[in-house]
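Because the structure is predicted, anything quoted here is derived from the model rather than measured.
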Amino acid sequence: MSSDSLPPLPQNRIVLGCGQVAVDFLATVASFPNPDDKIRSTSLKVQGGGNAGNASTCAARLGLNPRLISKVSNDSHGKGILEELEADGVDTSFFIVSEKGNSSFTYVIVDSQTKTRTCIHTPGYPPLIPEELSQSSLLSALDGVNMVYFDGRHHETALVVAKEAARKNIPILVEAEREREGLDDLLDFATYAICSAKFPQAWTEAPSFSSALISMLLRLPKLKFVIVTLGEEGCIMLERSVNGGSDAEEMDVQCLLESLKLIKDDSKTIPTCISSVETKLSADGIGTITGRLFVGTAEKIPPSELVDTTGAGDAFIGAVLYGMPPEKMLPFAAQVAATGCRALGARTGLPLRTDPRLVSFL
């Protein structure tokens with residue numbers, strides 16, 4: 001990866017998040033209930049949640065200095081959210097605290113049999129609006145920041161932050177979990193994007209997964225790379241070449257993806273990454289991008305150790321904020337996410353930078 005594709009990792013790397021925080025009520029059950037069933041939980045945990053809150057917590061535990069812009073109400077949930085974030089080292093001084101309404105909360109049902117989770121979310125009210133974030137607070141929040149991350153919530157305020165970050169040439173990471181109001185506007189400012197498996201095709205209406213990645217980079221000229229997370233199947237990343245690579249060989253992107261999948265080493269239990277050389281990647285009816293394609297694997301977690309996948313994607317993003325080149329970034333982020341899946345809740349198992357399971361990746 002070229003040196004300017006990701007900002008360097010300074011000794012005191014500062015990242016700014018803007019998005020959702022919540023309280024998660026996590027109930028583990030033997031199996032998901034049928035309609036009208038009455039069942040008992042096998043365990044219960046209450047802890048902070050929300051995509052931006054989880055990713056910021058992950059970043060803090062990895063030794064970064066995260067700041068977060070969000071909103072809570074002055075209720076018991078809101079106070080707990082702030083206390084937990086601050087205890088982990090997240091700067092909450094840019095939060096808006098409302099005297100009215102309610103803070104966000106989510107009921108999470110964790111199915112021990114299928115190793116899946118079902119979320120029932122209640123948004124916070126009143127929502128965060130741009131007028132609540134003063135210009136002086138915005139400038140203070142962005143001061144010295146190495147990267148800004150948006151989870152797609154609070155879109156009007158997020159857009160204000162994105163415009164100012166872009167004006168200051170601060171790299172912007174946008175999470176595209178699913179289509180949301182205002183997400184298109186945010187993506188126009190994105191330097192990097194991390195998507196769920198279904199998002200690229202849903203957003204671009206491209207005929208295939210691989211052609212959708214080409215379409216995203218063509219539609220978003222500022223975008224340097226897009227990562228698609230695939231759970232236990234790992235991830236796919238398409239990186240745009242900075243210099244154009246006019247002499248590069250042209251290849252169909254789907255054929256290249258299939259060839260990379262064939263040579264990945266499925267015998268390894270730890271996350272790995274393989275990549276193509278710089279290539280002209282084409283998709284019929286879409287266009288051509290010069291760049292590199294990466295295939296990352298996930299850790300093969302023994303079934304006896306897999307507890308809960310809640311927040312795995314947030315942990316992956318928190319690790320990406322670390323700012324590594326992709327050959328190191330993808331396995332590292334996959335390992336951080338897998339480590340978090342060994343405990344109940346999005347934050348319980350998030351590793352510290354000193355965790356022995358991360359040593360070989362750092």
Side-chain angles (χ1 to χ4, degrees), residues 6-7 9 13-22 24 48-70 85 88-90 145-154 158 161-162 165 170-178 180 183 186-187 189-197 199-200 223-231 234-237 239 271 273 294 296 298-299 309-326 328-341 345-347 349-351 353 358 361:
L6 274 174
L9 179 63
R13 183 171 173 82
I14 302 172
V15 294
L16 174 65
C18 178
Q20 179 178 285
V21 294
D24 286 352
N51 295 35
N54 295 337
S56 297
T57 298
C58 180
R61 294 192 190 179
L62 293 175
L64 306 186
N65 297 282
R67 302 168 183 167
L68 189 53
I69 296 173
S70 192
L85 288 168
D88 264 308
V90 179
V145 164
N146 300 103
M147 187 183 291
V148 182
Y149 152 63
F150 300 99
D151 69 6
R153 275 75 163 197
H154 306 307
V161 178
I170 300 173
I172 294 171
L173 170 63
V174 175
E175 176 185 2
E177 188 177 34
R178 60 183 175 84
R180 301 180 187 278
L183 181 59
L186 269 182
L187 283 170
F189 289 93
T191 319
Y192 318 112
I194 298 182
C195 309
S196 63
F199 180 83
L223 200 63
K224 293 185 177 180
F225 70 59
V226 55
I227 299 173
V228 181
T229 56
L230 304 170
C235 64
I236 307 293
M237 171 176 161
E239 176 197 34
C273 174
F294 296 79
E299 182 188 1
T309 60
T310 302
D314 305 331
F316 187 98
I317 289 173
V320 169
L321 293 172
Y322 210 83
M324 295 175 166
K328 291 185 176 182
M329 174 180 70
L330 298 182
F332 175 62
Q335 184 63 49
V336 170
T339 303
C341 293
R347 301 183 189 176
L350 287 177
R353 184 183 178 186
L358 303 185
F361 298 91

Any [X] side-chain heavy atom under 4.5 Å of [Y] side chain:
| X | Y | value |
| --- | --- | --- |
| M329 | F294 | no |
| V336 | P351 | yes |
| V148 | F189 | no |
| R180 | L186 | no |
| Y149 | P66 | no |
| L330 | C235 | yes |

Can you check whether [Y]'s main-chain N or O pairs, donor with acceptor, with [X]'s side chain at less than 3.5 Å?
| X | Y | value |
| --- | --- | --- |
| R178 | S196 | no |
| R347 | G48 | yes |
| D151 | Q20 | yes |
| S70 | G19 | yes |

When rounded to the nearest 0.5 angstrom, what is the spacing between CD1 in I69 and OG in S56?
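Between atom CD1 of I69 and atom OG of S56 there are 10.5 Å.
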Return the SG to CG distance between C58 and L64, rounded to the nearest 0.5 Å.
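With rounding to 0.5 Å, SG (C58) is 8.5 Å from CG (L64).
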Flag for N54-D314: side-chain donor and acceptor within less than 3.5 Å:
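Side chains of D314 and N54: pair found under 3.5 Å.
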